[in-house]
Asker: 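Have a look at this one before I ask anything.
Position 1 is the first residue of the sequence; numbering continues from there. Atom set for the values below is all heavy atoms of this structure, side chains included, hydrogens, waters and symmetry mates excluded.
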Amino acid sequence: MGERARDSLDVDAAFRAALAGLAAPSGAVDAIDPAIGLELFESQVTSRHLDLAARRLGVARQGFYSIGSSGHEGNAAVAAAARVDDPALLHYRSGAFFVQRCRQIPGLDPIRDVLLGVVAAAADPISGGRHKVFGSARASIIPQTSTIASHLPRAVGVAFALDRAARQGVSCPWPADAVVVCSFGDASANHSTATGAINAALHAAHQGVPMPIVFVCEDNGLGISVPTPPDWIERAYGPRPGLTYLAADGCDLPAALGAAEDAVQLARSWRVPVFLHLRTVRLGGHAGSDVEAAYRGRAETAADLARDPLVGTARCLITAGVTDAAELLARYERVGAQVRETSDEVVREARLDSAAAVVAPLAPAHPDAVRADVVRGYVDRVEPTAVESRRSPGRPAQSGHEARVEAHRYSAPPSASAAEPSALSGASPPSAPASGNGLPPMTLAQAINHTLGALLARDRDVLVFGEDVGRKGGVYGVTKGLRKRFGARRVFDTLLDEQSVLGTALGTALAGFVPIPEIQYLAYVHNAADQIRGEAATLSFFSNGQYRNPMVVRIAGLAYQKGFGGHFHNDDSLAALRDVPGVVVAVPARADDAAALLRTCVSAARVDGRVCVFVEPIALYHTRDLHPGDGSWLAAPTDAHAPIGSARVYGDGADLTIVTFGNGVPMSLRAADRLAAQGVHARVLDLRWLNPLPVADLLTHAEATGRVLLADETRRSGGVSESVYAALIDKGYRGALARVTSADSFVPLGPAADTILLGEADIETAATALITG
């Protein structure tokens with residue numbers, strides 16, 4: 001018999017033996033309400049049998065998940081203390097909480113639901129067979145995976161959002177007096193994500209911001225095999241100013257229930273963070289593949305078995321005269337039979353059997369609804385904010401190249417409206433198209449500022465926040481004036497912690513908002529990439545679309561700042577963002593695109609729950625000219641829709657297609673001018689959307705010339721050009737193909753930056769070689 005099966009039998013046999021040794025006392029003691037005591041015992045027993053079933057299914061190769069909750073069943077008391085409409089984000093050992101919460105809601109069957117997840121059945125009501133998670137939309141349990149502590153920033157964000165939603169009239173799934181319950185393990189409590197999230201909660205509460213959250217640390221003294229010092233959690237979190245610390249033995253049900261009720265009541269009444277430290281044990285190893293005997297002695301495991309919370313609850317009920325050992329054993333057997341019967345049924349359930357079925361919740365797309373939301377009643381005719389300025393009356397007359405730049409056309413799918421002419425139609429638009437809203441030409445930064453203002457003015461669900469976003473108006477002035485116009489509840493500063501910034505977005509998104517957080521620099525987002533990868537992008541996947549993360553993350557990034565700032569202010573690493581399934585990545589190059597892409601991202605977030613990353617090229621923020629003094633890189637923000645995955649083309653040259661994005665667009669246009677003087681006529685295709693790539697437009701313009709040069713400002717390895725190459729080849733393109741990129745290097749300080757970054761001369765040289773070759 002395998003060690004995993006033996007562990008399961010040991011836990012089961014040890015409980016039966018301990019229960020048989022319990023006898024009724026001579027005098028009854030009133031220790032717990034009989035009804036709630038029996039109810040919680042049954043929830044604890046159910047969780048235990050689900051663990052045993054998961055182990056059996058794993059040994060039989062019919063189950064695929066076996067991280068159990070045995071020894072942690074005291075968390076059922078937390079579920080009893082909270083309301084069913086208190087949002088909960090649970091530790092992967094909070095099985096008894098899940099059972100107790102779900103059994104209070106008519107129609108839910110926690111036994112079947114958990115087992116469907118264990119066997120990865122497509123009928124699993126929360127993830128649809130994609131992962132075994134504790135989650136239920138009806139039970140207000142937001143599904144979490146086993147990433148260590150990654151859910152704490154989101155939990156803080158939900159707590160932050162509850163009061164804000166009520167005050168701003170934003171429809172929220174939970175009542176204004178709700179309390180967030182967030183559970184995690186003692187090893188997780190040491191993770192920087194956990195310490196940062198708890199610090200963020202205290203930072204907010206210190207400033208008087210309502211923060212109704214109960215952090216539940218389920219402390220079993222082990223991080224897989226690494227022991228946690230017995231007094232560490234209390235020393236680390238007990239003396240924290242502003243944090244109410246409560247502790248109880250999670251193996252003693254009355255004590256756990258009393259502490260949990262106090263914690264929830266404090267958080268609900270005072271809207272402050274509370275830390276509930278439940279001391280638990282771990283029975284049966286970390287997971288199915290873990291053999292405790294390799295790192296724990298018999299005395300340690302025996303001591304844990306002696307503290308089995310099921311035995312503790314049984315002792316409490318018998319001592320109080322509520323029932324006897326025989327009745328409790330009968331309940332234990334009855335639940336066990338029900339679990340075994342259900343496990344025999346669920347193994348026959350169908351599983352996901354196609355890639356299409358697996359990825360269905362990742363990138364929902366309702367383009368018509370997104371387009372309708374983009375154009376819905378914008379308040380565009382507002383006074384310019386402090387960052388906006390009208391074009392100087394003395395602006396020089398439009399040059400020939402300026403007319404060419406402004407005579408752009410959007411590439412759109414066949415279903416595009418008449419307001420969005422296709423780049424492939426051959427139509428000749430006016431030389432200087434207007435947005436139709438009477439706005440002046442602006443820089444990219446001004447256009448983003450104006451568009452954020454229009455979004456805030458139109459929709460009360462929009463929030464704009466980040467470090468330095470409010471009072472200062474952003475490091476580059478992009479959000480200047482917005483806080484003054486819309487108030488500190490809509491536009492606000494956060495503490496300097498990217499995980500907390502994104503956690504605030506994750507939480508407010510669940511509470512009914514469309515958050516637009518700002519990360520100051522692209523290099524800084526990597527500090528918190530898991531909040532996008534492991535939390536934002538996975539939520540719809542692991543909830544089968546029942547929970548979504550509508551958000552637009554604004555990030556200042558890319559290079560070409562004339563040597564200033566070095567690597568951390570000139571980062572060009574986009575691969576970590578483009579690699580995340582379902583995440584939209586947009587990079588505007590000029591003002592009108594910035595407005596259109598940003599509005600489309602916000603509407604895609606609102607309509608489809610999409611996670612969008614909006615990368616703003618710092619070097620183009622305040623750019624006015626394509627050529628010195630021509631002012632042709634200014635443009636009026638458009639209120640048009642730029643469909644996700646649609647490119648923008650400049651010109652109709654038949655000799656060469658230069659494919660680029662971001663800073664590469666003006667560089668390629670200048671190179672195209674010089675090539676034209678040599679008789680080489682090139683068109684420039686701005687990808688705009690880096691995920692998903694505009695493959696249809698890319699292929700059309702590639703085949704139109706038969707020669708494609710990729711001008712990619714990111715690195716040669718892991719850059720954008722590799723994916724563009726693959727997209728073209730996969731679609732059958734057989735023409736000439738070349739690329740020119742930045743070097744595989746970090747960006748250095750000063751003039752040395754020019755030695756490794758893609759330059760205009762590189763583009764022109766490569767284009768000439770491609771034509772002549």
Asker: Cut-off 3.5 Å, side chains only: do Asp124 and Ser127 have a donor facing an acceptor?
Answerer: yes
Asker: For Phe275 and Leu246, what are the C-alpha separation, side-chain angles and deciding distance, and is it a side-chain contact (heavy atoms from CB on, under 4.5 Å)?
Answerer: CA-CA 6 Å; Phe275 191 99; Leu246 302 175; over 6 Å; no
Asker: Measure the shortest side-chain to side-chain distance between Leu115 and Leu50 over non-hydrogen atoms and say whether it is less than 4.5 angstrom.
Answerer: yes
Asker: Is there a donor-acceptor contact under 3.5 Å linking the side chains of Trp232 and Asp219?
Answerer: no
Asker: Ignoring hydrogens and angles, tell me if any N or O in the side chain of Ser354 forms a donor-acceptor pair with the backbone of Ala357 under 3.5 Å.
Answerer: yes
Asker: Check Leu40 against Ala76 and note the closest heavy-atom contact, atom names and distance.
Answerer: CD2-O, 3.6 Å
Asker: Between Arg103 and Ser43, does any side-chain donor sit less than 3.5 Å from a side-chain acceptor?
Answerer: yes
Asker: Are Arg279 and Glu234 within salt-bridge range, i.e. N to O under 4.0 Å?
Answerer: yes
Asker: Work out which heavy atom in Ala159 is nearest to a heavy atom in Pro212; give both atom names and the distance.
Answerer: O-CD, 3.5 Å
Asker: So that I can tick it off, tell me whether Asp86 and Arg101 are bridged by a salt bridge, with the cut-off set at under 4.0 angstrom between side-chain N and carboxylate O.
Answerer: no
Asker: Please assess Arg351 against Phe64 for the test side-chain contact (heavy atoms from CB on, under 4.5 Å), listing each intermediate value before the final yes or no.
Answerer: CA-CA 12 Å; Arg351 300 188 177 106; Phe64 306 96; 3.6 Å; yes
Asker: Any non-hydrogen side-chain atom of Asp12 less than 4.5 Å from a side-chain atom of Leu52?
Answerer: yes
Asker: Would you give the length of the straight line joining atom NE2 of His72 to atom CG of Asn75, rounded to the nearest 0.5 angstrom?
Answerer: 8.0 Å
Asker: Kindly give the heavy-atom pair with the smallest separation between Pro273 and Leu202, and that separation in Å.
Answerer: CG-CD2, 3.7 Å
Asker: Looking at Cys217 and Ala189, what are the two nearest heavy atoms and their distance?
Answerer: SG-CB, 4.4 Å
Asker: Do Arg533 and Thr538 make a side-chain contact, defined as non-hydrogen atoms from C-beta onward lying under 4.5 Å apart?
Answerer: no
Asker: Ring centroid separation for His49 and Tyr332, is it under 6.0 angstrom?
Answerer: yes
Asker: Could you tell me if Ser70 and Asp51 have a donor-acceptor pair between their side chains, going purely by distance under 3.5 Å?
Answerer: yes
Asker: How far apart are the C-alpha atoms of Met211 and Phe160, what are their side-chain angles, what is the distance that settles it, and do they pass the side-chain contact (heavy atoms from CB on, under 4.5 Å) test?
Answerer: CA-CA 6 Å; Met211 186 53 61; Phe160 170 83; 3.9 Å; yes
Asker: Mark yes or no for whether Ser540, through its side chain, and Gly545, through its backbone, hold a donor-acceptor pair below 3.5 Å.
Answerer: no
Asker: For Arg282 versus Asp304, what's the shortest heavy-atom pair and its separation?
Answerer: O-OD2, 3.6 Å
Asker: Check the pair Ile213, Val179 against side-chain contact (heavy atoms from CB on, under 4.5 Å), reporting the backbone distance first and the verdict last.
Answerer: CA-CA 6 Å; Ile213 184 168; Val179 168; 6.0 Å; no
Asker: With side chains defined as the heavy atoms from C-beta onward, is the minimum distance between Arg331 and Val45 less than 4.5 Å?
Answerer: no
Asker: Once you round to the nearest 0.5 Å, how far does CD of Glu261 lie from CG of Leu266?
Answerer: 12.0 Å
Asker: Between Arg138 and Pro106 (side chain of the first, backbone of the second, donor and acceptor by atom type, cut-off under 3.5 Å), is there such a pair?
Answerer: yes
Asker: Quick one: does any side-chain atom of Arg271 pair with a main-chain N or O of Asp177 as donor and acceptor, under 3.5 Å?
Answerer: yes
Asker: Does the side chain of Gln44 come under 3.5 Å of the side chain of Thr313 through a donor N or O and an acceptor N or O?
Answerer: yes
Asker: Quick check: does any side chain N or O of Arg340 sit under 3.5 Å from a backbone N or O of Ala53, one acting as donor and the other as acceptor?
Answerer: no
Asker: How long is the span from the NE2 atom in His286 to the CD1 atom in Ile67, to the nearest 0.5 Å?
Answerer: 4.0 Å
Asker: What I want to check is whether the side chains of Ser150 and Glu535 have a donor and an acceptor closer together than 3.5 Å.
Answerer: yes
Asker: Measuring only between side-chain heavy atoms, which start at C-beta, is Ile142 closer than 4.5 Å to Leu539?
Answerer: yes
Asker: First locate atom CZ of Arg112, then atom SG of Cys102, and finally report the distance between them rounded to the nearest 0.5 Å.
Answerer: 14.5 Å
Asker: Give a yes/no verdict on a cation-pi contact between Arg130 and Phe542, requiring under 6.0 Å between NZ or CZ and the six-membered ring centre and an angle within 45° of the axis.
Answerer: no
Asker: Measuring from atom CZ of Arg307 to atom OG1 of Thr280, what distance do you get when rounded to the nearest 0.5 angstrom?
Answerer: 7.5 Å
Asker: Under a 3.5 Å threshold, yes or no: a donor from one side chain and an acceptor from the other, between Glu218 and His91?
Answerer: no
Asker: Which heavy atom of Ala178 sits nearest to which heavy atom of Leu162, and what is that distance?
Answerer: O-CD1, 3.5 Å
Asker: Is the shortest side-chain heavy-atom distance between Phe97 and Val181 below 4.5 Å?
Answerer: yes
Asker: When you measure from the side chain of Asp608 to the backbone of Arg610, do you find a donor-acceptor pair of N or O atoms at a distance under 3.5 Å?
Answerer: no
Asker: Would the distance check show the side chain of Gln499 and the main-chain N or O of Ala197 forming a donor-acceptor pair, the cut-off being under 3.5 Å?
Answerer: no
Asker: Supply the atom-to-atom distance Arg315 CZ to Asp252 CG, rounded to the nearest 0.5 angstrom.
Answerer: 9.5 Å
Asker: With a 3.5 Å distance limit and no angle check, can you tell me whether Thr508 reaches the backbone of Ala505 through a side-chain donor-acceptor pair?
Answerer: yes
Asker: Between the side chain of Thr46 and the main-chain N/O of Glu42, is any donor-acceptor distance below 3.5 Å?
Answerer: yes
Asker: For the residue pair Phe215 and Tyr237, is the inter-centroid distance of their aromatic rings smaller than 6.0 Å?
Answerer: no
Asker: Evaluate the criterion salt bridge (Lys or Arg N to Asp or Glu O under 4.0 Å) for residue pair Lys132 and Asp113; output intermediate values, then yes/no.
Answerer: CA-CA 10 Å; Lys132 155 60 178 68; Asp113 291 354; over 6 Å; no
Asker: Evaluate the ring pair (Phe, Tyr, Trp, His ring centres under 6.0 Å) criterion for residues Phe184 and His191: first the C-alpha distance (whole Å), next the side-chain angles of each, then the deciding distance (0.1 Å), finally the verdict.
Answerer: CA-CA 11 Å; Phe184 52 96; His191 198 281; over 10 Å; no
Asker: Is any side-chain heavy atom of Trp174 closer than 4.5 Å to a side-chain heavy atom of Val158?
Answerer: yes
Asker: Please check if the side chain of Asp33 supplies one atom and the backbone of Ile36 the other of a donor-acceptor pair under 3.5 Å.
Answerer: yes
